Visitor: 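Let me give you the structure first, and then I'll get to my questions.
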Amino acid sequence: MNYSVLLSQMLGATLMTLRIFFVTLAFSLPLGLLVAVGRMTKVKAVNLPVRLYILLMRGTPLMLQLLFIFYGFKPIFGIQLDRVPAAEAAFVLNYAAYFAEIFRGGIAGIPRGQREAAKVLGFTRRQTFFRIVLPQVVKGILPPMSNEFITLVKDTSLAQVIGVVELLKITSDWVSSAVSMIPFAVAGVFYLVMNAAVTRCFTAAEKHYSYYR
Amino acid sequence: MPILTAHDIHKSFGGEEVLKGISVEVEKGGVLAVIGPSGSGKSTLLRCITQLETVDRGDIAICGETLVRTGKDGKAVYSDRAVCNRIALHVGLVFQNFNLFPHFSVLRNITEAPEHVLGRTKEQAEASAMKLLKKMDLSDKADAYPCRLSGGQQQRVSIARALAMNPDVLFFDEPTSALDPELTGEILKVIRGLAAERMTMVVVTHEMAFARDVADRVVFMADGVIVEQGPPEQVFGNTQSERTKAFLSRFHEN
């Protein structure tokens, strides 16, 4: 087994893993916030479809969603996404549902008096949300968010079911061709390093927000 | 002309009528104290006037503008959004539990609304905020966060925050009830100071001595109705109703 080739290929595949990770976050966080607001509105025409969406995303396997978006869109909608965009779309839609529920919990946890104080001072609803509520939500949801971020790093490995070559796919190919377990151990270290970095970012964020209670 | 008139206000929560036809008036520069047992509807009245609740029926006008009136069908008809928002800028409210914004410094708690609601520049807003903090004896706390302040200090910041919007009438919803007894004095002193400056105020309070000294009118509410009202000498000195007498006697005992 040529270790330098193994390592360089694993590093290359890690870039794909990181790409899926960052693209998913970039789109699913704002989408999740939007879904949370839709979930909390009393307008039934918005609320009901949003609830159905959350149920679908959380109630079916992420792997099934990946397969559906890659293989199922062509016969149903006539659209064939490439492997990587299909994977990213599935991750974004899936994670937005989980993020939405975290945002919803965080928003509900802000005392009503905060909104009332803002209203009496003349803030519009939009100002109240973005200036008063949301900044406080961020502090409160850091712990559940860190769980999701860490899970996402590991979930990226599911993308291989639609042929995306990411870290775990490369690794298992090496394991079968070289008949060695060592690539698995290396992959484990790679995931650990990534999640140690994620954990570190969250610790720093929690520290940053510790200036108030 | 009165700054605030509320006439025949009705409000129910889930079928239970909390306000059963309340009428009050406040003249410019006047101080109205609202007293009464818990659950009498005092806070609800304040929340209706400050638009935190909507009334079911009745008329409210502030600074000559109609917030709500009773329509022909006997139900409340609110003015359009623009008018309601304009009226909201005439009133300030100080909450029982302060409701300061914990993620903002003391200074930013006070400047945020003048900057982003009234469109003042940062410099203008900060200059007037510092003046208010000086008045509240909190100049050294401008950069502190609310969680580092005592309850009394937090309440003074929230008074400064309300004053920064230059309201024509300032409402206090039991401003000392969440404070330790030794801290109530500093808040009452601030309110006394504002009264001396002829600030128009409506104060829901359990501090009877304070109501007697500072208010020029006292309203006693119980079970959603006004049982007695008048100048403090009359309500406290020459109490008419048995209900009021019974309520006040409990305070005299202490």
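Lettering of chains follows the sequences in order, A, B, ..., and the numbering in each one begins at 1. Predicted, not measured: the structure shown is a model, and the values here were computed from it.
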Visitor: At a 4.5 Å cut-off on heavy atoms, which part of B/Leu118 comes close to chain A: side chain, backbone, both, or neither?
Guide: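 Neither the backbone nor the side chain of B/Leu118 comes within 4.5 Å of chain A.
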Visitor: Is chain B contacted by the side chain of A/Tyr209, its backbone, both, or neither, given a heavy-atom distance below 4.5 Å?
Guide: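 Looking at A/Tyr209, nothing touches chain B.
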Visitor: For A/Gln127 and B/Val117, run side-chain contact (heavy atoms from CB on, under 4.5 Å): C-alpha distance rounded to whole Å, both residues' side-chain angles, the deciding distance at 0.1 Å, then the answer.
Guide: CA-CA 9 Å; A/Gln127 285 175 323; B/Val117 176; 4.2 Å; yes
Visitor: Which answer fits B/Arg108, side chain, backbone, both or neither, if we ask what part of it has an atom under 4.5 Å from a heavy atom of chain A?
Guide: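 Side chain of B/Arg108 only, per the 4.5 Å heavy-atom cut-off to chain A.
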Visitor: Between B/Leu100 and A/Gln114, which heavy-atom pair has the shortest distance, and what is it?
Guide: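 So the minimum-distance heavy-atom pair works out to O-NE2, 2.8 Å.
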Visitor: Which bit of A/Arg115 is near chain B, if near means a heavy-atom gap under 4.5 Å: side chain, backbone, both or neither?
Guide: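 Neither; nothing under 4.5 Å.
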Visitor: Does the pair A/Val120 and B/Phe171 meet the rule for a side-chain contact (heavy atoms from CB on, under 4.5 Å), with working shown?
Guide: CA-CA 11 Å; A/Val120 171; B/Phe171 294 86; over 6 Å; no
Visitor: Heavy-atom pairs under 4.5 Å with chain A are the metric here; pick the option from B/Gly92, B/Ala162, B/Ser158, B/Pro102 that has the most.
Guide: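 If we count pairs closer than 4.5 Å to chain A, B/Pro102 comes out on top.
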Visitor: Counting only non-hydrogen atoms closer than 4.5 Å, does B/Val94 touch chain A with its backbone (N, CA, C, O), its side chain (CB onward), both, or neither?
Guide: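 B/Val94 has no heavy atom closer than 4.5 Å to chain A.
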Visitor: In terms of heavy-atom proximity below 4.5 Å to chain A, should B/Phe101 be classed as side chain, backbone, both, or neither?
Guide: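 Both the backbone and the side chain of B/Phe101 come within 4.5 Å of chain A.
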Visitor: Kindly compute the distance separating CG (B/Leu93) from NZ (A/Lys119), expressed to the nearest 0.5 Å.
Guide: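 Going from CG on B/Leu93 over to NZ on A/Lys119, the span is 11.5 Å.
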Visitor: Does a sphere of radius 6.0 Å around CG in B/Asp137 hold more than 12 heavy atoms from other residues, nucleotides or ligands, not counting ones at 6.0 Å or beyond?
Guide: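 Atom CG in B/Asp137 is not crowded, with 12 or fewer foreign heavy atoms closer than 6.0 Å.
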Visitor: Can you confirm whether more than 12 heavy atoms, excluding those of A/Lys139, are under 6.0 Å from its NZ atom?
Guide: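 Yes, enclosed.
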Visitor: Angle between ring planes, A/Tyr212 versus B/His103, binned at 30° and 60°: parallel, tilted or perpendicular?
Guide: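 Because their plane-to-plane angle lies in the 30° to 60° range, the rings of A/Tyr212 and B/His103 count as tilted.
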Visitor: Measure distances from B/Arg47 to the heavy atoms of chain A and classify the residue's part below 4.5 Å as side chain, backbone, both or neither.
Guide: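 Contact with chain A involves the side chain of B/Arg47 alone.
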Visitor: How many angstroms lie between CD in B/Glu112 and CD1 in A/Ile132, if you round to the nearest 0.5 Å?
Guide: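 Going from CD on B/Glu112 over to CD1 on A/Ile132, the span is 5.5 Å.
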Visitor: If you draw a 6.0 Å radius around CG in B/Asp143, do more than 12 non-hydrogen atoms from other residues or ligands fall strictly inside?
Guide: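 Check fails, neighbour count at 12 or below.
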Visitor: Heavy-atom distance under 4.5 Å to chain B: side chain of A/Glu116, backbone, both or neither?
Guide: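 Answer is both: backbone and side chain atoms of A/Glu116 are under 4.5 Å from chain B.
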Visitor: Please check if the number of heavy atoms outside A/Arg125 that lie under 6.0 Å from its CZ is greater than 12.
Guide: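 Counting other residues, nucleotides and ligands, CZ of A/Arg125 stays at 12 neighbours or fewer.
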Visitor: Taking atom NE2 of B/His116 and atom CG of A/Leu121, what is their separation to the nearest 0.5 Å?
Guide: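 One finds 12.5 Å between NE2 of B/His116 and CG of A/Leu121.
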